[in-house]
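All chains are named by letter (A, B, ...) in the order of the sequence lines, taking the proteins before the strands, and each is independently numbered beginning at 1.
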Number of protein chains: 2
Amino acid sequence: MTSKQREARQGKATIFDVAEQAGVSIKTVSRVVNNEPNVRESTRDKVLEAVGRLRYRPNVAARSLSGRRSWVLGLVYGSPDEFSYMKDVLDGALSACEERDYSLLLRPLTLPSAELVDQVERFITQARVEGVILPAPMGDLPDLQRLLRRLEIPFAAIAPKVATAGQVTILCEEQAASFALTEFLIERGHRAIGFIKGDPDHGAAAKRFAGYRQALAKHGIRYQGRLVRQGYFNFDSGKAAAAELLDLPQTPTAIVASNDDMAAGALLAARQRGLAIPHALSVVGFDDTPLASRLWPPLTTVRQPIREMAKTAAELLMDLLNGKATQPPAAPFACEIVVRESTT
Amino acid sequence: MTSKQREARQGKATIFDVAEQAGVSIKTVSRVVNNEPNVRESTRDKVLEAVGRLRYRPNVAARSLSGRRSWVLGLVYGSPDEFSYMKDVLDGALSACEERDYSLLLRPLTLPSAELVDQVERFITQARVEGVILPAPMGDLPDLQRLLRRLEIPFAAIAPKVATAGQVTILCEEQAASFALTEFLIERGHRAIGFIKGDPDHGAAAKRFAGYRQALAKHGIRYQGRLVRQGYFNFDSGKAAAAELLDLPQTPTAIVASNDDMAAGALLAARQRGLAIPHALSVVGFDDTPLASRLWPPLTTVRQPIREMAKTAAELLMDLLNGKATQPPAAPFACEIVVRESTT
DNA sequence: CTATGGAATGACAACGCTGTCAAGCTGGAA
DNA sequence: TTCCAGCTTGACAGCGTTGTCATTCCATAG
């Protein structure tokens with residue numbers, strides 16, 4: 001049976017079939033397929049032609065087994081999390097992986113969890129994951145970090161609180177964005193500006209809060225703790241926090257929520273108190289999720305290039321795995337204020 | 001070097017190490033690990049103990065290569081789609097895969113696309129995907145179906161328009177739910193009930209519309225085409241469709257939108273016309289996305305057990321791949337009406 | 001013309017597991 | 001007691017690549 005017949009019948013040409021067709025050894029085929037140097041141009045062409053004719057695809061299992069590399073990246077995320085965020089992370093990571101023929105495996109986790117470390121360890125050893133992408137707040141779990149270090153698995157953290165030496169860290173100018181957002185309100189005359197903090201486990205929470213304080217300071221507005229409430233990046237906590245602010249003797253005229261979901265909660269709290277938005281109260285969010293544009297009124301918020309951040313995270317992680325010089329930590333990504341109708 | 005030392009140093013015990021520790025052949029270890037029959041209980045225990053001590057994990061690459069099975073399922077989805085839906089699908093599929101030691105690979109697609117077939121073919125052949133999960137509307141693309149048939153790749157379609165013989169089909173009682181939802185409005189006195197259809201490419205669109213008509217018929221309400229508008233399962237189309245309905249000489253007192261995102265659009269259109277909801281207009285959605293509860297007023301809608309549906313889809317697909325008798329098409333899943341405040 | 005060294009190519013042994021098939025055991029029937 | 005069937009177990013050959021190292025080729029220097 002010729003290789004051509006084999007291919008036609010099974011749709012599974014092997015490296016031997018290609019070698020036969022091209023009249024070279026399997027090793028040469030391997031070199032061409034893997035873009036290795038030291039192959040004569042004419043040889044390369046012959047091989048490539050055979051590859052095309054036979055529709056040859058290297059068998060990933062054989063490649064992994066022989067090369068002792070899995071070409072698999074893992075993405076560990078909090079399962080109940082804000083999913084529009086994860087969608088973007090997924091999109092970005094997936095596109096980076098596809099470009100370089102890596103596979104991406106997902107591992108949702110419920111936090112907090114005692115079994116977390118076991119679950120991730122099983123995930124990594126089972127699938128022979130080579131590197132892990134850690135979207136916030138996964139980049140800040142000490143147990144997880146320890147595990148990865150023990151397993152000698154490199155990782156890329158997206159928006160962690162603190163960068164880890166030797167690993168990939170992707171940051172966004174969240175503090176600057178929060179600063180700009182707050183300043184935006186100040187410039188429009190607001191002086192009593194409430195703030196709803198995010199989950200302290202997320203690095204983002206502190207940065208967004210810092211930007212708020214920084215803006216107040218710059219404009220000579222006294223910081224008042226009574227205008228600040230703790231939230232947890234979700235709707236209910238935003239609603240509760242806003243309710244407290246709006247029941248204050250002296251009510252703020254604007255509220256900065258640390259993300260859109262909490263801003264949505266704030267909108268609801270305002271509505272329950274008969275406050276017209278934005279006239280009686282301005283509300284701003286953070287993240288520009290789909291929710292922001294579907295709410296009434298549509299939210300003024302901050303857009304982060306999550307997709308690009310995740311893509312870069314995956315790319316730098318792959319570079320790290322392949323021994324390419326780790327760039328100095330990538331410059332933080334820029335955010336963008338999206339002005340809609342929830343602000344005067 | 002003993003296997004114990006090897007394990008300690010590398011964290012990578014092989015089947016040989018386990019065999020040595022347990023005093024059996026590698027084949028017996030293989031049998032135990034794969035739960036094959038005909039292994040004496042005492043032998044099994046010895047092996048299991050060695051497995052535990054060495055923290056042995058079979059190498060998936062070797063297993064795939066040798067067994068000519070990849071143990072990989074693919075999930076093909078429309079990338080810009082409603083993502084809360086995909087989150088649930090992902091959750092369900094992932095949990096099923098995890099239970100049976102399958103891997104799940106994702107392939108987002110932008111529809112419509114001329115390269116769709118090529119992209120999916122590359123996806124499948126590259127990763128040696130054994131079976132594919134097709135959430136709506138992926139289950140209804142003729143090109144895709146043809147491709148999968150040619151490649152002899154079984155698939156599981158979630159909520160397709162029509163079931164495909166020999167494949168897994170997972171359905172939900174959408175028509176019944178839509179019927180119940182419409183009837184719910186009728187019972188509350190509504191007679192002029194508008195309807196916003198979904199994307200005709202989704203099987204769900206027709207079923208939801210049918211349920212609406214069925215409810216009208218049951219209650220002797222004349223069907224009026226003027227109260228029905230075409231939408232595409234997204235916010236903007238819902239807003240536009242609702243705007244048309246609300247600008248009619250004789251306005252409906254309730255609107256059934258075929259999903260939540262369109263219902264959100266309808267809410268906006270109503271607000272722009274100064275209509276108080278639910279007093280001047282009732283609006284209902286479908287899907288119970290997170291959006292539904294964050295809108296004002298929170299939407300009355302229908303919850304589908306998407307997660308369970310996806311899990312079952314994956315399970316039945318794996319059964320199919322492993323030659324287990326394909327059950328008669330699984331009974332459709334039940335939906336549930338969630339009453340909130342967007343209806344009188 | 002020959003020597004030389006790097007570029008180009010190939011032979012062959014892993015990689016870690018499962019499938020196949022043969023062999024060893026065991027207990028009950030004859 | 002012997003025999004047989006069925007349960008257990010093991011030896012060994014792949015599976016399709018890549019890594020290693022040897023060999024061949026070729027252009028250039030001497």
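Distance, Ile15(B) CD1 to dC12(D) P: 16 Å, rounded to whole Å. The distance from atom CD of Glu20(A) to atom P of dG16(D) is 14 Å, rounded to the nearest whole Å. What separates CD of Glu36(A) from P of dT18(D) is a distance of 8 Å, to the nearest Å. One interatomic measurement links the two molecules: CD of Glu41(B) to C1' of dT8(D), which rounds to 13 Å at whole-angstrom precision. Rounded to whole angstrom, the span from the CZ atom of Arg57(A) across to the P atom of dC15(D) amounts to 22 Å. Rounding to whole angstrom units, CG of residue Asp101(B) and P of dC17(C) are separated by 14 Å.
Applying the side-chain hydrogen bond (donor to acceptor under 3.5 Å, both in side chains) criterion to Arg146(A), with sequence neighbours excluded, gives Asp143(A). With sequence neighbours excluded, the residues forming a salt bridge (Lys or Arg N to Asp or Glu O under 4.0 Å) with Arg100(B) are Asp319(B), listed by chain and number. Taking Glu115(B) as the reference, nothing meets the side-chain hydrogen bond (donor to acceptor under 3.5 Å, both in side chains) condition, with sequence neighbours excluded. With sequence neighbours excluded, the residues forming a side-chain hydrogen bond (donor to acceptor under 3.5 Å, both in side chains) with Arg149(B) are Gln145(B), listed by chain and number. For the side-chain contact (heavy atoms from CB on, under 4.5 Å) test, residues two or more places apart in sequence or in another chain that qualify with Leu151(B) are Glu121(B), Ile124(B), Leu147(B), Ile153(B).
Interface residues of residues 22-35 of chain B facing DNA chain D, ordered by number: Val24(B), Ser25(B), Lys27(B), Thr28(B), Arg31(B); criterion, heavy-atom separation under 4.0 Å. A heavy-atom distance below 4.0 Å to DNA chain C is reached by none of the residues of residues 44-52 of chain A. Of the residues in residues 59-69 of chain B, Leu65(B), Ser66(B), Arg68(B) come within less than 4.0 Å of DNA chain D through at least one heavy atom, sorted by number.
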**Asked** How does each nucleotide of nucleotides 23-28 of chain C score, in 5' to 3' order, for protein heavy atoms under 4.0 Å: base (B), sugar-phosphate only (S), or none (-)?
**Response** ------
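Using five terminal pairs a side, the axes of the helix from dC1(C)-dG30(D) to dA30(C)-dT1(D) at its two ends make an angle of 50°, given in steps of 10 degrees.
Here the closest heavy-atom approach between residue Leu320(B) and residue Pro154(B) is recorded as CD2-CB, 3.7 Å. What you find for Leu104(A) and Gly74(A) is that their closest heavy atoms are CD1-C, 4.3 Å. In terms of heavy-atom proximity, Gln119(B) sits nearest to Leu109(B) at OE1-CD1, 3.5 Å. Of all the heavy atoms in Ala22(A) and Val47(A), the pair that sits closest is CB-CA, 3.9 Å. Taking every heavy atom of both residues into account, Met138(A) and Tyr77(A) meet most closely at CE-C, 3.5 Å. The minimum heavy-atom distance linking Ala157(A) with Gly139(A) is given by the pair CB-CA, 4.2 Å.
Within the structure, ring pair (Phe, Tyr, Trp, His ring centres under 6.0 Å) contacts touching residues 119-170 of chain B (residues at least two apart or in different chains) do not occur.
No side-chain heavy atom of Leu144(A) sits less than 4.5 Å from a side-chain heavy atom of Val117(A). Side chains of Leu54(B) and Glu49(B) form no contact here, defined as non-hydrogen atoms less than 4.5 Å apart. Within the 4.5 Å cutoff, no side-chain heavy atoms of Asn38(A) are placed close to those of Arg31(A).
Within the nucleic acid shown, Pro58(B) comes within 4.0 Å of sugar-phosphate atoms alone, with no base atom in reach, counting heavy atoms only.
Taking only side-chain nitrogens and oxygens, Asn38(A) never comes nearer than 4.0 Å to OP1 or OP2 of dA7(C).
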For residues 91-98 of chain A, which side-chain donor-acceptor pairs fall under 3.5 Å, sequence neighbours excluded?
unit_1, atom_1, unit_2, atom_2, d
Ser95(A), OG, Gly92(A), O, 3.1
Glu98(A), OE2, Arg107(B), NH2, 2.8

